[in-house]
Amino acid sequence: SSILDYKKIEEIDPNNFDAIFNHGVVVFNYKAGILIDRLNNLDDKSPKYNANYESVKKELNGVLEESLAIFRRAREIRPNDCSALAAIQKNYAQLGNEKKTNEFKEYADMYGCK
């Protein structure tokens with residue numbers, strides 16, 4: 001899988017921004033995407049809806065925390081990279097952390113990111 005490929009590159013070159021950033025993208029888009037689809041497709045008529053929702057939401061938050069940590073590693077290499085800043089901002093927004101979302105929007109604005 002591409003996640004394993006990116007992890008191998010990171011082991012060889014821990015400062016490889018592209019590998020680290022792309023690893024975060026795959027985790028965010030693929031792993032979180034599957035869980036978001038699962039949340040959206042839960043049967044809201046089911047008596048187990050709330051339990052199922054909470055279970056998937058907890059798993060999703062774990063994946064979002066995972067991708068956030070990866071994106072933050074990428075940012076350590078390139079602190080003012082607009083892609084990394086946008087990804088971190090999007091991650092915090094998905095996690096519902098408005099304060100951190102706004103903080104990273106301000107960083108992006110400060111660096112002239114669009």
Side-chain angles (χ1 to χ4, degrees):
S1 91
S2 55
I3 290 176
L4 292 176
D5 293 339
Y6 290 129
K7 283 183 175 180
K8 281 181 199 157
I9 295 168
E10 288 173 55
E11 285 173 19
I12 295 165
D13 180 6
N15 291 316
N16 187 316
F17 175 86
D18 293 330
I20 295 169
F21 181 79
N22 289 328
H23 178 191
V25 169
V26 172
V27 171
F28 185 85
N29 288 345
Y30 181 71
K31 285 174 80 174
I34 289 171
L35 295 169
I36 290 167
D37 286 346
R38 201 178 301 162
L39 275 181
N40 292 335
N41 291 315
L42 284 175
D43 177 6
D44 59 1
K45 308 277 186 279
S46 165
K48 293 186 177 171
Y49 175 79
N50 286 342
N52 291 340
Y53 181 91
E54 288 308 315
S55 171
V56 176
K57 184 74 175 155
K58 184 177 178 185
E59 191 178 347
L60 173 60
N61 284 345
V63 169
L64 292 170
E65 292 289 349
E66 177 187 352
S67 62
L68 179 60
I70 297 166
F71 288 132
R72 292 187 74 106
R73 280 204 323 271
R75 184 170 182 244
E76 287 172 15
I77 297 165
R78 291 192 195 156
N80 57 352
D81 183 88
C82 291
S83 300
L85 290 168
I88 291 169
Q89 184 181 337
K90 198 187 266 187
N91 244 273
Y92 278 126
Q94 281 288 333
L95 284 164
N97 187 332
E98 196 176 331
K99 184 176 180 238
K100 283 289 193 183
T101 302
N102 290 333
E103 181 184 322
F104 278 87
K105 183 186 183 324
E106 287 171 20
Y107 286 137
D109 292 346
M110 195 169 72
Y111 292 118
C113 300
K114 297 283 174 245

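Counting from 1, the numbers follow the sequence of the chain as shown.
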- Message: Return the CG to CD1 distance between L64 and I36, rounded to the nearest 0.5 Å.
- Response: 6.5 Å
- Message: Quick check against the 3.5 Å criterion: does S55 have a side-chain atom that pairs as donor or acceptor with the backbone of A51?
- Response: no
- Query: If you measure from CD on E66 to CG on L68, what distance do you get to the nearest 0.5 Å?
  - Reply: 11.0 Å
- Inter-residue atom distance N102.CG - N97.CG, 0.5 Å rounding: 9.0 Å
- Message: Rounded to the nearest 0.5 Å, what separates atom CG in N50 from atom CG in L42?
- Response: 10.0 Å
- Taking all atoms of both residues into account, what is the closest heavy-atom pair of H23 and E10, and its distance? ND1-OE2, 2.7 Å
- Message: According to side-chain hydrogen bond (donor to acceptor under 3.5 Å, both in side chains), who are the partners of R72, at least two apart in sequence or on a separate chain?
- Response: Y92
- How would you list, by chain and number, every residue that makes a salt bridge (Lys or Arg N to Asp or Glu O under 4.0 Å) with E103, sequence neighbours excluded? K100
- Message: Tell me whether R75 forms a cation-pi arrangement with F104, defined as NZ or CZ under 6.0 Å from the six-membered ring centre and within 45 degrees of its axis.
- Response: no
- How long is the gap from CG on N41 to CG on D44, to the nearest 0.5 Å? 11.0 Å
- Message: Can you tell me how the ring of F71 sits relative to the ring of F21, calling it parallel under 30°, perpendicular over 60° and tilted otherwise?
- Response: tilted
- Nearest heavy-atom pair of A93 and T101: which atoms, and what distance? N-OG1, 3.1 Å
- Note on the structure: Between I70 and G24 the two heavy atoms that sit nearest each other are CG2-N, 3.4 Å
- Message: Looking at every heavy atom in both S67 and V27, which two are closest together, and how far apart are they?
- Response: CB-CG1, 3.7 Å
- Query: Which atoms form the tightest heavy-atom contact between V63 and A32, and what is the distance?
  - Reply: CG1-N, 3.6 Å
- Side chains of L39 and Y53: does their closest heavy-atom pair fall under 4.5 Å? yes
- Could you state the interatomic distance from NZ (K7) to CD1 (I9), rounded to the nearest 0.5 Å? 13.0 Å
- Message: Take a 6.0 Å sphere around OH of Y30 and say whether it holds more than 12 heavy atoms from other residues, nucleotides or ligands.
- Response: no
- Which atom pair, heavy atoms only, marks the closest approach of A74 to I20? N-CG2, 3.7 Å
- Query: Given the rule that I, L, V, M, F, W and Y join up when any side-chain heavy atoms are under 4.5 Å apart, are M110 and L85 in one cluster?
  - Reply: yes
